[in-house]
Amino acid sequence: MKQNLILIGFMGSGKSTVGRELAKVLEMNFVDTDHYIENKEKMNIKEIFSLKGEEYFREIEAKYVKEISKMNNTVISTGGGVVAFDANIRLLKESGFVIYLDCTIDCIYNRVSRRNTRPLLNDVEDLYSRIVELLNERLDNYKKYMDNKVYIDSNTNIWDTVDKIKKLYIKFD
């Protein structure tokens, strides 16, 4: 049985978009951890943060990561902060091949500044500095748990990214 393919990276790096296309190309299932949580909790991530707080979100994220890590033959697009807790990313890593979407800060900034659906980036004085701060907090774990990485910037073509990851995954599998 094929192992899972797990996409990690900062919010806005393209994990969900790339993951959906990868799943089609590789004929695998697709799960976005944030959408999975939203479906289970019957509210969106922004509402969960607003009504119940980040601590509650991280607790349920860990609970649902356990469920998701038991899936097989699945492309898993993780929330940007899933690596903030070693237990989460360790479970996912045990279930498959981890690709880090290494996206430039400028690209992340341009993507996330268009919408206010990112609770950890809302209501901040300096969005760019907040992105840098969060990315620096998570960077060691992205690097620690990745099996490989793909570089992303504002000129990156989704199909090139999908093709690169597909080749890395096939070599791994």
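Just so we're clear, the structure is a prediction, and the values are computed from it rather than from any experiment. As a basis for the values below, the full set of heavy atoms in this structure was taken, side chains included, without hydrogen atoms, waters or symmetry mates.
- Tested against Val150, the residues Asp102, Asp163, Ile99, Asp160 include a single side-chain contact (heavy atoms from CB on, under 4.5 Å) partner, Ile99.
- In this structure the side chain of Val65 reaches within 4.5 angstrom of the side chain of Val82, judged on heavy atoms.
- Taken from OH in Tyr109 to CZ in Arg130, the straight-line distance is 15.0 Å, to the nearest 0.5 Å.
- When all heavy atoms of Ser95 and Ser69 are compared, the closest pair comes out as CB-O, 3.3 Å.
- The residues Lys40 and Glu67 are annotated as salt-bridged, a charged nitrogen and a carboxylate oxygen being separated by less than 4.0 angstrom.
- Both Ile165 and Val25 belong to a common hydrophobic cluster when Ile, Leu, Val, Met, Phe, Trp and Tyr are linked at side-chain heavy-atom distances under 4.5 angstrom.
- Of the residues Ile8, Asn4, Asn148, the one that meets the side-chain contact (heavy atoms from CB on, under 4.5 Å) test with Val98 is Ile8.
- Ionic pairing of Arg58 and Glu55 is not present here: no N-O contact between side-chain nitrogen and carboxylate oxygen is shorter than 4.0 angstrom.
- With contacts defined as side-chain heavy-atom distances shorter than 4.5 Å, the pair Glu47/Asn44 qualifies.
- No more than 12 heavy-atom neighbours from other residues, nucleotides or ligands sit within 6.0 angstrom of CG on Asp140.
- Between Tyr169 atom OH and Gln3 atom CD the span is 7.0 Å, to the nearest 0.5 Å.
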side-chain contact (heavy atoms from CB on, under 4.5 Å), that's the test. Do Val75 and Asn29 meet it? Break it down for me. CA-CA 6 Å; Val75 175; Asn29 302 313; over 6 Å; no
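- A side-chain N or O of Glu41 and one of Tyr56 form a donor-acceptor pair less than 3.5 Å apart.
- No donor-acceptor pair under 3.5 Å is formed between the side chain of Thr74 and the backbone N or O of Met71.
- Rounding to the nearest 0.5 angstrom, the gap separating the CG atom in Leu168 from the CG atom in Leu5 is 9.0 Å.
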Just do the salt bridge (charged side-chain N to carboxylate O under 4.0 Å, His left out) check on Lys15 and Asp32 with the steps written out, would you? CA-CA 9 Å; Lys15 299 176 302 290; Asp32 179 300; over 6 Å; no
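- In the hydrophobic cluster analysis, where Ile, Leu, Val, Met, Phe, Trp and Tyr join through side-chain heavy atoms closer than 4.5 angstrom, Tyr151 is grouped apart from Val83.
- Here the rule is side-chain contact (heavy atoms from CB on, under 4.5 Å) with Leu7, and of Leu22, Thr17, Ile76, Thr78 only Leu22 fits it.
- By the 4.5 Å heavy-atom criterion applied to side chains, Asn141 and Lys144 are counted as neighbours.
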Could you walk me through whether Phe10 and Leu134 satisfy the side-chain contact (heavy atoms from CB on, under 4.5 Å) test, starting with their C-alpha distance in whole Å, then the side-chain angles of each, then the deciding distance to 0.1 Å, before giving a yes or no? CA-CA 9 Å; Phe10 200 76; Leu134 282 172; 3.6 Å; yes
Walk me through it: do Lys93 and Ile6 pass the test side-chain contact (heavy atoms from CB on, under 4.5 Å)? CA-CA 8 Å; Lys93 185 167 177 70; Ile6 298 99; over 6 Å; no
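- In this structure, Ser77 contributes its side chain and Ser16 its backbone to a donor-acceptor pair below 3.5 Å.
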Let's go through Ile152 and Thr104 carefully: what are the C-alpha distance in whole Å and the side-chain angles of both, what is the deciding distance for side-chain contact (heavy atoms from CB on, under 4.5 Å) to 0.1 Å, and is it a yes or a no? CA-CA 6 Å; Ile152 308 281; Thr104 66; over 6 Å; no
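- Note on Phe49 and Met11: same hydrophobic cluster, where clusters join Ile, Leu, Val, Met, Phe, Trp and Tyr whose side-chain heavy atoms are under 4.5 Å apart, directly or indirectly.
- With rounding to the nearest 0.5 angstrom, the OG1 atom of Thr156 is 10.0 Å from the CG atom of Leu101.
- The nearest pair of heavy atoms linking Ala23 to Phe30 is CB-CB, 3.6 Å.
- A heavy-atom distance below 4.5 Å is found between the side chains of Ile105 and Tyr128.
- Looking at heavy atoms from C-beta onward, Tyr145 lies in side-chain contact with Arg90 at the 4.5 angstrom threshold.
- One hydrophobic cluster, built from ILVMFWY side chains closer than 4.5 Å, holds both Trp159 and Met28.
- In this structure, the side chain of Arg138 does not engage the main chain of Ala84 through any donor-acceptor pair within 3.5 Å.
- Rounded to the nearest 0.5 angstrom, Glu61 CD and Glu54 CD are separated by 9.0 Å.
- Between Ile45 atom CD1 and Met43 atom CE the span is 10.0 Å, to the nearest 0.5 Å.
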